[in-house]
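Notes to accompany the following structure.
First listed ligand is number 1; within each ligand, the first listed atom is number 1. We count residues from 1, following the sequence as given.
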Amino acid sequence: MIDCGEGTQTQMRKYKIGFSKINQIFISHLHGDHIFGLIGLVSTLALLGRKNDLHIYSHSDLRNFLTDQIKFLYRDEMTFKIIFHPLNFAKEQQIYEDSKVKVYSFPLTHRIATCGFRFEEKPALPNLIPQKILEYQIPIRERQRIKEGGDFMTEDGQIIPNAELTINRNHPRSFAFCSDTRFDESYIESIRKVDLLYHEATFAANNQELATTTYHSTGRDAAQVALNADVGKLIIGHFSARYKDHTIILNEAKSVFPNTEAINEGQVFPVKGKNQ
Ligand SMILES: [Zn+2]
Ligand SMILES: [Zn+2]
């Protein structure tokens, strides 16, 4: 989960997202609209009898803020542990890795210390080419080793190079999240060529000055970031409540970066790789 605003639990119930699926929470910064849902979510997990550790990646100040509330509510009766991982707001760093994905944090430009996050799918092992398995009679016990990069030796001692036997699968996919931030070239390299970029677009272009002084972006800013970073697709959100209809922000963004969509509640955006 990335950020946890006040309505998070309600939305999870509405869209049937299992609470037990949440094991890592990445918090971009400590403004209320990004953290007010945390204590409610933590309480629900405790009510459900959660046992597994919950990992939270955030500014180190969150630890005291949250543990004070937990102590007040539960004393020492919490059913699970929360492991806090402090973010680095000076430079990009890898903060998480499992068998499928790596997650990086990188500094954004907002009123307080803020990080964006980049999720990189790990490359899948290549597939063996079925005709080659037949041609060289490759036994099952050899196949995993070849997928991992090994060559194959036939019974009469001929070495078949790995490149002839395998075919790479699709390019690994990537997603980046940038909220909240002012337009800034400094984080472009951290999101270069991601397949899908979520970027905040709080204001329309006629409020550019307000965007700059409050350290937020306009739709055009978000689109310029997408263009400069050469991303595959841009989705924008975090619209100011002053806009009853965010079409103006979307159209301004599209005039700079056409492959842009505005988020709507509950909408799912697949992360598509280059050739998908
Ligand atoms: Zn903020
Ligand atoms: Zn915000």
Side-chain angles (χ1 to χ4, degrees), residues 1-12 24-41 56-66 69 84-90 92 95 103 105-119 175-188 190-191 196-205 207-226 234-246 248-250 252-253 260-267 269:
M1 175 182 287
I2 312 172
D3 287 346
C4 190
E6 203 175 350
T8 302
Q9 276 198 79
T10 325
Q11 297 295 73
M12 286 176 72
Q24 279 81 30
I25 303 181
F26 304 95
I27 299 289
S28 62
H29 65 301
L30 304 188
H31 276 155
D33 55 328
H34 298 254
I35 57 167
F36 281 166
L38 269 176
I39 188 61
L41 179 64
I56 299 183
Y57 302 77
S58 71
H59 192 287
S60 53
D61 285 354
L62 184 70
R63 185 190 192 116
N64 286 344
F65 175 72
L66 201 61
Q69 295 176 71
F84 289 91
H85 305 264
L87 293 175
N88 184 334
F89 295 94
E92 175 175 319
I95 52 174
V103 184
S105 67
F106 53 89
L108 295 172
T109 307
H110 194 41
R111 283 202 303 285
I112 58 171
T114 301
C115 271
F117 302 105
R118 185 177 76 253
F119 295 73
F175 165 69
F177 174 94
C178 295
S179 187
D180 302 351
T181 186
R182 183 155 86 175
F183 175 82
D184 196 327
E185 291 283 336
S186 66
Y187 56 92
I188 298 287
S190 291
I191 60 173
L196 184 65
L197 169 67
Y198 167 81
H199 197 288
E200 70 129 296
T202 306
F203 296 108
N207 276 316
Q208 181 72 60
E209 213 179 295
L210 190 59
T212 309
T213 52
T214 57
Y215 288 80
H216 281 294
S217 297
T218 63
R220 251 187 231 166
D221 290 336
Q224 194 62 48
V225 167
L234 168 67
I235 46 177
I236 53 173
H238 200 275
F239 307 118
S240 161
R242 74 187 60 211
Y243 303 101
K244 286 201 179 65
D245 175 3
H246 52 243
I248 180 171
I249 303 179
L250 177 61
E252 285 172 356
T260 302
E261 269 189 70
I263 55 163
N264 289 304
E265 261 184 31
Q267 198 175 351
F269 292 89

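Aromatic pair H29/H110: ring centres closer than 6.0 Å.
Nearest to the Zn ion (ligand 2), among the N, O or S atoms that D180 has, is OD2. Within H31, the N, O or S atom at minimum distance from the Zn ion (ligand 1) carries the name ND1.
For the pair I112/T114, a side-chain contact is recorded, criterion being any heavy-atom separation below 4.5 Å from C-beta on.
The angle subtended at the Zn ion (ligand 2) by NE2 of H34 and OD2 of D33 is 100°, given to the nearest 10°. For H110 atom NE2 and H29 atom NE2, the angle they make at the Zn ion (ligand 1) is roughly 100°, to 10 degrees.
A cation-pi arrangement is not found for R111 relative to Y215, the charged atom failing to lie both closer than 6.0 Å to the ring centre and inside a 45° cone about the ring normal.
Using a cut-off of 2.8 Å, one finds that H238 contributes an N/O/S atom close to the Zn ion (ligand 2).
By the salt bridge (charged side-chain N to carboxylate O under 4.0 Å, His left out) test, E265 is found to be paired with K14, residues two or more places apart in sequence or in another chain being considered. With sequence neighbours excluded, the residues forming a ring-ring contact (aromatic ring centres under 6.0 Å, His included) with H238 are H34, H216, listed by chain and number.
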